[in-house]
Each structure stands twice: as structure tokens, then as C-alpha cells.
Amino acid sequence: MRKFCFLFFTMSSFLLSVPMSAQQQGFVHETSSEYTAPEDPAVIEKLEQWRDLKFGVLIHWGLYSVPGIVESWSICSEDVDWIRRRDDMSYDEYKQWYWGLKDIFNPVDFDPEAWAEMIAGAGARYAIFTSKHHDGFCMFDTDETDFSIASGPFGENEKADVLKHVLNAFRHNGIMPGVYFSKPDWHCPYYWDPHYATPDRHVNYVIDRHPESWQKYSEYTKRQINELTTRYGDIDILWLDGGWVAAPDEDIDMDGIVAMARRNQPGLITVDRTVRGKNENYLTPERSIPKTQLPYPWESCITMTNDWGWVPDAQYKSSAKIISLLSEVVAKGGCLLLGIGPDAKGVFEDKVADTMAEIGRWLDVNGEAIYGAGVLEHYNDGLVWFTSSEDGKKVYAIQTVDDATGEIPASVNWSGNLPSGKMKLLQTGKKVGYKIEGNRVTVKLPSGVNRKEPLVFVYEL
Ligand code: GLC
């Protein structure tokens, strides 16, 4: 009942739901349509462990957090709506301005322990942090470049090697640690050679004409990943973004890099996202949830606002909405990675903290329907999502909120997965009445129940 098997699996089409909102911003990576199961027993074991965690957080923090703009992309000259640039500058001036943000990025209020407490308090069980985004700015103390948080005004701070403190705080709070790393690096002269224009996200010279530059780029990337996997303690997930850096066009020898990373970190889950193949240990539908259950490990990454990083005046999803998304994801057999970002000083907005705390309060009482949950063949009816206990004996019917009203419907009912004995409302542990008509069960809601958040009903089939 519970887990799908990990045999090699190919799907001809990977069905995704329609984008989540009309205001969706930013580039959305295509999702892979194939899955190749890992063979290394240590990786298989870690992946099984990870799949049970269900809820993680992805933190974007970098130079772009200083002005509060879209992460990295504004220095890429692609002409699309979601890349906004200051219009009082030419492109070249803009890039100089952007690179110069390193001289003012001084996050004196950075408090990794407070971050990790907030994340653990939300009930997230794993977290991934941007060590380097596409702009190439490193949030760790690398030997490879001075373009890092540890070399600017924050360099003298005791927490200058930001990544180290973030990962330590994650582990200290029982959160499985993961590292986001962008394969493309728009600051590295071996990727964006300053002798050429930078018309798009890709390497800006012809690799066949400059193989030595590309060789240097591959080695630079490998050395940085070596740093990440040797200097920062145990890491469980290496989340590699920028799927266009891949063979055959932009081949940095990912197999070699992954082999090295696994020598450093046995069992490491690698997510060479959107690339397909053995280095993509789970799939990462972005800003969307697959239409159906999928027979292999996957994670939907979805932002709490419309952006990955901090931007001013952001529009927030409600905690009830996020819990509803989490319920849908878990019923379909995936994990949810929720995107948040601190500001230039290193602080999360109160609204982030409040939303996280609300999610945590819900998971405190309803977590058994989520963590380690199994999937059922009949996993959905309308706004009701079904999960099961690990042994498959108990069914959890999660009534999620309606986007239009922000509440659960006045009448809670569903078809299929009919109860055979007593049914309880998980948050009170008390019995609730129900009636069955044909294939449909209607629950008698206890009076005074809060309809502004998802409710979980537990019973046996
Ligand atoms: C997309 C964005 C990238 C972001 C990532 C997070 O790939 O382009 O900037 O970091 O999503 O999932």
C-alpha cells in the first residue's frame, strides 16, 4: 500500500497541474519526465528516510536579497516579463551595480539558530540553503573566489561563513540539511567570459573553440562542490539547480562530481534537477503539483510568496493554503519544499514567522496524517485528500480549504474510502458522527469547529 517500488521507471508524460496562480513569477524549470532509480544502497536508504519527512523548506538568500529583487535573473539579458531591471541604467551599468551589492551586503542580524527554530517550529523536517545562486555569489567561505559573503563587509563577523552556521543550526534542531548549488555561475569568467556579451543564461563562448576555459569551469565547479561536501559536516541532500548545464551541450562531468561528492558524503541524495538520469534522485516539479500520484520520489517546490527570495510588499499564501498544498502533495506520494527568504539583514519578515508558526501548530496536532504517511489508491475527492498510516490500517481524510473562500465547506463529505467503524476528528481526538448514503459519507461537524483551517478525520476502512 505504502511505497512505490524504485525500479527503473519511465513515464512518457509527466502531468502537471496548471500553474498555481496567474501572478506566478520567475523562470519555471521543466520537470523531468523520467526517473532512474539509484543503485547505491546507502542512497536508497537515505531517499526512503527523506520521503517520510514530507515537509521541507528552501531558503534563498544572496545579493538579490539586498535590494529585494528576483533572485539572480536580472543580470541575465533574456527579454522576458519576469526579469525586471532598473530602467535608469544600461544593461552594462546594471550589471556593475548588481555586482557591487557585495560591498554593502552586511547581514548583521543573521541569527541561524532563530531561523532553524522557526523552521523546526513549522514542522519542517528538512531544509535546503542556497550556497550559491546563478549570480555566482557564494554564501560560504570558498577558496575559489572572493565573490562571497565571507570577503565583503560581513567578512569579519564570526558568522561570516554563513553556510556553516546555517547547516549547524539545522542539524542542531533536528532538521535534515541540504545544500542548493547553482551549476551555472554568471560571475565566473570561465562561464561568462568578460570578452563576450551575455545574451542569455548559457555559457557565453563556444566550448569547442575554448575547451581550456570549459575545462577550467568544470574543475572550478568540482572544487567548489568538494569544498561543500568536505568542510560543512554531514549533508544529506545536494540540490543542483540550472539544469541547462548538462551533457551534451554544457558537460561538466556530473558523474565524476557526484562520485566525488558521495565519497565525501556516503549516501548523499543528489538532485541534478531536470537533467534526468542517475544523478537526479528525485524529481522537482516547480511551483506546481503533479496531476496524479507518481511512482517515484518527487518534491514540489513552491514559494510562500510569489518569489523565492525576500521582496518588499510580497503577497503571502495563507497557512491554510500551504497546509492544503502539503496535504495534496502527501496524498500523491511527494514532499513539499516551501520557499522562503530572509532580507538583507538576515531577518525573516514577521509574516513568514507567523505563517510558519501556524503551520507548525497544525502539524503538531495533525502530523500523523502527514509524516511517514502512506498513499491510497483512491487519494482524492474534491477538496478532500486521503493518506494512510504507515501500516495502511488507518485512513486520514484531510478536508482542505477552498481557495475562493479560504475556508473548508460547510458540509464535509466525500465519496469512496468509506469508514466502517468510528471516526474521530484528529485535532480533538473525539468521535464525530457521520452518515453513509451509497458511496458517499457525510460528516457531522462538531459545533464551533474552526473552518478556516484543514480538518483531519481518522478512521478504518
Ligand atoms: C527556478 C529559478 C531559480 C530558483 C529555483 C528554485 O529554477 O529559476 O532561480 O532558484 O527555481 O526552485
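The basis for the numbers below is simple: all heavy atoms, side chains too, and nothing from hydrogens, waters or symmetry mates. Whatever order the structure lists them in is the order used to number ligands and atoms, beginning at 1.
- Ligand 1 places these atoms under 4.0 Å from at least one heavy atom of Trp73: 2 (C), 3 (C), 8 (O), 9 (O).
- With ligand atoms numbered from 1 in the order given, ligand 1 contributes 2 (C), 3 (C), 4 (C), 9 (O) to contacts under 4.0 Å with heavy atoms of Glu71.
- The backbone N or O of Tyr205 lies less than 3.5 Å from no partner atom in the side chain of Trp214, so there is not a single donor-acceptor pair.
- Which of Arg287, His60, Arg273 comes nearest to atom 10 (O) of ligand 1 through a heavy atom is settled by distance: it is His60.
- Atoms of ligand 1 found under 4.0 Å from any heavy atom of Cys301 (numbered from 1 in listed order, with element): 12 (O).
- Inspection of the Tyr180 and His133 side chains reveals an N or O donor paired with an N or O acceptor under 3.5 Å.
- Atoms of ligand 1 lying under 4.0 Å from any heavy atom of Tyr180, numbered from 1 in the order shown and given with element: 10 (O).
- Here the two rings, on Trp115 and Trp61, have centers that are under 6.0 Å apart.
- In this view, Asp111 satisfies the side-chain hydrogen bond (donor to acceptor under 3.5 Å, both in side chains) rule with no residue, not counting sequence neighbours.
- At a heavy-atom distance under 4.0 Å, only side-chain atoms of Asp241, from C-beta outward, approach ligand 1.
- For Asn106, the side-chain contact (heavy atoms from CB on, under 4.5 Å) test picks out Val108, Pro153, Phe154, with sequence neighbours left out.
- Note: no N/O pair closer than 3.5 Å links Trp239 and ligand 1 by distance alone.
- Trp99 has its ring centre less than 6.0 Å from the ring centre of Phe147.
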